[in-house]
Amino acid sequence: MTNLIIAEHDNSELKAATLHTVTAAQAAGGDITIAVIGEGVSAVAEQAAKVAGVSKVVTVDGAEYGHQLAENVAPVIVALAEGYKNVWAPATTAAKNTMPRVAALMDVQQISEITAVVSADTFERPIYAGNAIATVQSAESTNIITVRTTSFEPAAAEGGSAAVESVAGTGDAGISSFVSAAVTESERPELTSARVVVSGGRGMQSGDNFAMLEKVADKLGAAVGASRAAVDAGYVPNDYQVGQTGKVVAPELYIAVGISGAIQHLAGMKDSKVIVAINKDEEAPIFQVADYGLVADLFEAVPALEAELD
Amino acid sequence: MKVLVPVKRVVDYNVKVRVKADESGVETANVKMSMNPFDEISVEEAIRLKEAGKATEVVVVSIGTAQSQDTLRNALAMGADRAILVEADGEVEPLAVAKILKGVIAEEEPGLVLLGKQAIDDDSNQTAQMLGALTGWPQATFVSKIELGDGSMEATREVDGGLETIKVNMPAVVSVDLRLNEPRYASLPNIMKAKKKPLDTKAAADYGVDVTPRLKTLKVSEPPARAAGIIVGSVSELVEKLKNEAKVI
């Protein structure tokens with residue numbers, strides 16, 4: 001019993017973030033168990049059992065876990081963690097919410113958002129918005145680790161045949177409850193796993209102008225992102241934000257439109273394979289990380305780009 | 001209701017940090033330091049709760065060196081009533097911070113603790129959640145809106161898929177996200193007034209907390225640099241390069 005991975009899911013589907021976390025755990029070595037905690041999660045458990053390299057799946061099923069409330073989920077993870085050396089989760093908002101609560105209940109100092117596994121007890125993690133990389137060694141009896149998914153390839157979703165075991169939970173703590181969710185609906189790929197991302201910044205000037213980027217995105221099969229400035233200005237919802245405190249993306253192609261390139265934004269996209277910057281200010285810091293820069297008025301360049309992609 | 005607001009002194013968000021040549025950490029000597037931007041938002045929210053008659057007192061607390069007094073004075077100038085400095089040298093990890101804050105809570109008995117969701121130096125995003133665990137209180141993290149009710153609170157959280165609203169019992173721990181509010185600037189008269197507001201100094205040992213780091217930092221290094229790019233002359237040249245050179249479209 002070496003690695004316990006807390007699955008990221010929506011009660012019906014196992015999310016790709018879990019597959020990236022499996023690869024991180026494999027780098028540390030040892031057997032892998034996936035824990036699926038939620039409400040009505042049998043389909044998720046079946047998917048988890050098929051992931052290559054997974055030897056066991058445990059499920060904890062109950063209405064009190066349906067919305068991943070940290071007060072209810074954390075004690076379950078503490079109980080499941082008994083006997084494991086490492087407990088892993090992808091650094092999604094759900095796990096970022098829950099895992100430190102788990103760590104403190106176990107009196108463990110968590111290791112957040114690792115980008116590399118150096119050895120079984122030593123990990124790399126970015127600090128200062130990715131402007132420095134810390135190599136940290138843990139002497140904790142159990143390590144609580146969250147994983148930056150863009151730094152690890154996904155494990156194969158098929159090929160495994162792990163046994164699934166159902167375990168009783170710890171009940172409803174009775175101090176928190178779910179009220180409602182406002183989920184952004186989109187037909188486009190998910191920002192953190194898209195092959196191409198087209199992002200807009202303050203230079204877009206309005207939310208309506210994001211329609212221009214969406215047309216380009218649709219031609220490239222891309223997700224649409226944004227800088228903090230564009231989100232703060234209300235052009236697009238919060239879940240579009242790429243950066244130190246938003247989402248971290250590392251697509252094959254990242255197209256930054258009207259984004260100046262603050263340190264905090266670069267932190268969320270500078271590991272992209274190819275970066276394109278379109279900005280009318282040739283002094284904009286975004287050009288320092290761009291592979292291809294185009295100094296131009298975006299209101300001319302973006303429609304031209306869309307036309308060129310036909 | 002008393003509101004407790006922990007604040008951290010960090011390298012200013014506009015500073016491009018440099019890694020020390022011996023890879024022991026980042027250069028913090030002669031670098032501009034400020035209040036962690038997320039903590040400014042939590043101070044602002046606490047002050048607004050007081051102005052709205054929903055809070056009676058705003059107490060700010062910082063854990064760090066004597067220089068963290070500057071950060072506390074800044075919070076007092078924004079409108080906090082009273083400050084506590086818990087002196088500790090070197091890096092204090094989130095778990096130790098949460099343990100000290102639990103001790104402060106035992107003395108101060110706040111009805112609400114408002115923290116920034118993460119500090120922009122170590123980017124851990126842990127302290128609020130850990131404090132929730134240690135106190136047994138519910139947590140509302142990454143919030144962009146809070147509404148106090150009778151013995152409970154509704155909080156809107158920024159999550160990967162959009163927004164989520166939860167209800168938590170009070171007392172509670174809240175970690176704030178960027179869009180909760182826009183923090184005010186301290187006016188000059190308020191900066192002068194802040195110098196006379198009470199600031200107590202304590203030590204980590206007063207709360208029986210050992211702040212020795214659990215994790216050993218072996219080294220701090222520069223991230224890999226990106227190779228220099230090129231400026232293209234037109235959209236068609238850009239598309240040509242992406243197709244034939246980078247081969248990504």
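In what follows, chains are A, B, ... by sequence order, proteins preceding strands, each numbered from 1. If you're wondering where the values come from, they're calculated on a predicted model, not measured in any experiment.
Heavy-atom pairs under 4.5 Å with chain A peak, among B/K117, B/E222, B/M170, B/M153, at B/K117. Taking B/V15, B/L242, B/V11, B/L95 one by one and counting their heavy-atom pairs under 4.5 Å with chain A, the maximum is reached by B/L95. The greatest number of non-hydrogen atom pairs below 4.5 Å with chain B, out of A/N238, A/V274, A/I275, A/V231, is found for A/N238. Most heavy-atom pairs under 4.5 Å with chain B: of the set A/L305, A/T135, A/I127, this distinction falls to A/T135. Comparing B/I230, B/L238, B/T156 by how many heavy-atom pairs each has under 4.5 Å with chain A, the most go to B/I230. Options A/I263, A/T245, A/T146 differ in how many heavy-atom pairs under 4.5 Å they form with chain B, and the most are formed by A/T245. When the candidates B/V232, B/T217, B/V168, B/L131 are compared by the number of heavy-atom contacts under 4.5 Å with chain A, B/V232 comes out ahead. In terms of heavy-atom pairs under 4.5 Å with chain A, the best-connected choice from B/V17, B/D121, B/I231 is B/D121. In terms of heavy-atom pairs under 4.5 Å with chain B, the best-connected choice from A/V302, A/I278, A/V276 is A/V276. Options A/E185, A/K270, A/E300 differ in how many heavy-atom pairs under 4.5 Å they form with chain B, and the most are formed by A/K270. Ranked by heavy-atom pairs under 4.5 Å with chain A, the first of B/V19, B/N125, B/I120, B/V10 is B/I120.
Between the side chains of B/Q126 and B/E93, no donor-acceptor pair is found at a separation under 3.5 Å. With no hydrogens or angles considered, no side-chain donor-acceptor pair links A/S112 and A/R125 at under 3.5 Å. A/R101 and B/Q139 share a donor-acceptor pair across their side chains, judged by distance under 3.5 Å alone.
Contacts between A/Q288 and chain B at a heavy-atom distance below 4.5 Å are absent for every atom of the residue. If you measure heavy-atom distances from A/I111 to chain B, the contacts under 4.5 Å come from both the backbone and the side chain. Of the atoms belonging to B/R157, it is side-chain heavy atoms, and not backbone ones, that fall under 4.5 Å from chain A. Within the 4.5 angstrom heavy-atom criterion, only side-chain atoms of A/L69, from C-beta onward, approach chain B. Contact of A/Q137 with chain B is made through backbone and side chain together, with heavy-atom distances under 4.5 Å. Within the 4.5 angstrom heavy-atom criterion, atoms from both the backbone and the side chain of B/R214 approach chain A. Looking at A/V108, only its backbone comes within 4.5 Å of chain B, counting heavy atoms on both sides. For B/Q118, the part sitting under 4.5 Å from any heavy atom of chain A is the side chain, from C-beta outward, and nothing else. At a 4.5 Å heavy-atom cutoff, the contact between A/D107 and chain B is made by backbone and side-chain atoms alike. Using a 4.5 Å cut-off between heavy atoms, A/K219 does not touch chain B at all. Proximity to chain B is limited to the side chain of A/T122, based on heavy atoms less than 4.5 angstrom apart. Heavy atoms of A/K247 lying under 4.5 Å from chain B belong exclusively to its side chain. Neither the backbone nor the side chain of A/E113 comes within contact range of chain B; no heavy atom of the residue lies under 4.5 Å from a heavy atom of that chain. In this structure, chain B has heavy atoms under 4.5 Å from both the backbone and the side chain of A/I133. Proximity to chain A (any heavy atom under 4.5 Å) is restricted, for B/V239, to the side chain, taken from C-beta onward. Heavy atoms of B/A98 lying under 4.5 Å from chain A are absent altogether. Within the 4.5 angstrom heavy-atom criterion, no atom of B/S175 approaches chain A. Neither the backbone nor the side chain of A/Y240 comes within less than 4.5 Å of any heavy atom of chain B. Only the side chain of B/E154 has a heavy atom closer than 4.5 Å to any heavy atom of chain A. For chain B, the nearby part of A/Q241 is the side chain; its heavy atoms alone come within less than 4.5 Å.
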Apply side-chain contact (heavy atoms from CB on, under 4.5 Å) to residues B/K20 and B/V220 and explain how you reach the verdict. CA-CA 8 Å; B/K20 286 183 187 170; B/V220 173; over 6 Å; no

As a quick check of understanding, evaluate side-chain contact (heavy atoms from CB on, under 4.5 Å) for A/E140 and A/Q109, giving each step before the final call. CA-CA 8 Å; A/E140 301 281 14; A/Q109 176 52 52; 3.6 Å; yes

Before giving the answer on side-chain contact (heavy atoms from CB on, under 4.5 Å), spell out for A/I175 and B/W137 the whole-Å C-alpha distance, their side-chain angles and the decisive distance to 0.1 Å. CA-CA 8 Å; A/I175 52 175; B/W137 293 359; over 6 Å; no

Could you walk me through whether B/K2 and B/E109 satisfy the salt bridge (Lys or Arg N to Asp or Glu O under 4.0 Å) test, starting with their C-alpha distance in whole Å, then the side-chain angles of each, then the deciding distance to 0.1 Å, before giving a yes or no? CA-CA 8 Å; B/K2 189 191 285 187; B/E109 300 181 329; over 6 Å; no

Verdict with supporting geometry, A/R228 and A/Q244, side-chain contact (heavy atoms from CB on, under 4.5 Å): CA-CA 10 Å; A/R228 179 192 167 184; A/Q244 179 185 19; over 6 Å; no

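Although no hydrogens or angles enter the test, the distance criterion places a donor-acceptor pair under 3.5 Å between the side chain of B/E44 and the main chain of B/R184. For B/D177 (side chain) and B/R179 (main-chain N/O), no donor-acceptor pair under 3.5 Å exists by modelled atom type. Within the 3.5 Å criterion, the main-chain N or O of B/E240 finds no donor-acceptor partner in the side chain of B/K243. Within the 3.5 Å criterion, the main-chain N or O of A/M269 finds a donor-acceptor partner in the side chain of A/S272. With hydrogens and angles disregarded, no donor-acceptor distance shorter than 3.5 Å links the side chain of A/S138 to the backbone of A/D121.
Minimum interatomic distance between A/N11 and A/G66 (heavy atoms only, all atoms of both residues): ND2-O, 3.0 Å. In terms of heavy atoms, A/S176 sits closest to A/E71 at OG-OE1, 2.8 Å. A/A181 and A/F178 make their closest contact through N-CZ, 3.6 Å (heavy atoms, listed as atom of the first residue, atom of the second, distance). Of all non-hydrogen atoms in A/D271 and A/A250, the two that sit nearest each other are O-CB, 3.7 Å. Nearest heavy-atom pair, B/Q129 versus A/K96, reported as atom, atom and distance to 0.1 Å: NE2-O, 2.8 Å. Residues A/P285 and A/G261 approach most closely at CB-O, 3.5 Å, considering heavy atoms.
By the 6.0 Å contact criterion, CG on B/D150 is open, its count of non-hydrogen atoms from other residues, nucleotides or ligands being 12 or less.
Inter-residue side-chain proximity for A/Q68 and A/N97 is flagged as unmet; no heavy-atom pair is nearer than 4.5 Å.
Between A/K15 and B/D160, no side-chain nitrogen of the basic residue sits less than 4.0 Å from a carboxylate oxygen of the acidic one, so the salt-bridge criterion is not met.
At a heavy-atom cut-off of under 4.5 Å, chain A is reached by B/V26, B/T28, B/F38 from residues 21-43 of chain B, listed in order of number. Along residues 289-298 of chain A, the residues that come nearer than 4.5 angstrom to chain B, judged on non-hydrogen atoms, are A/V289, A/A290, A/D291, A/Y292, A/G293, A/L294, A/V295 in order of number.
A distance of 8.5 Å separates OG1 of B/T141 from CD of B/E164, quoted to the nearest 0.5 Å. To the nearest 0.5 Å, atom CG of residue A/N279 and atom CD1 of residue A/I286 are 8.0 Å apart.
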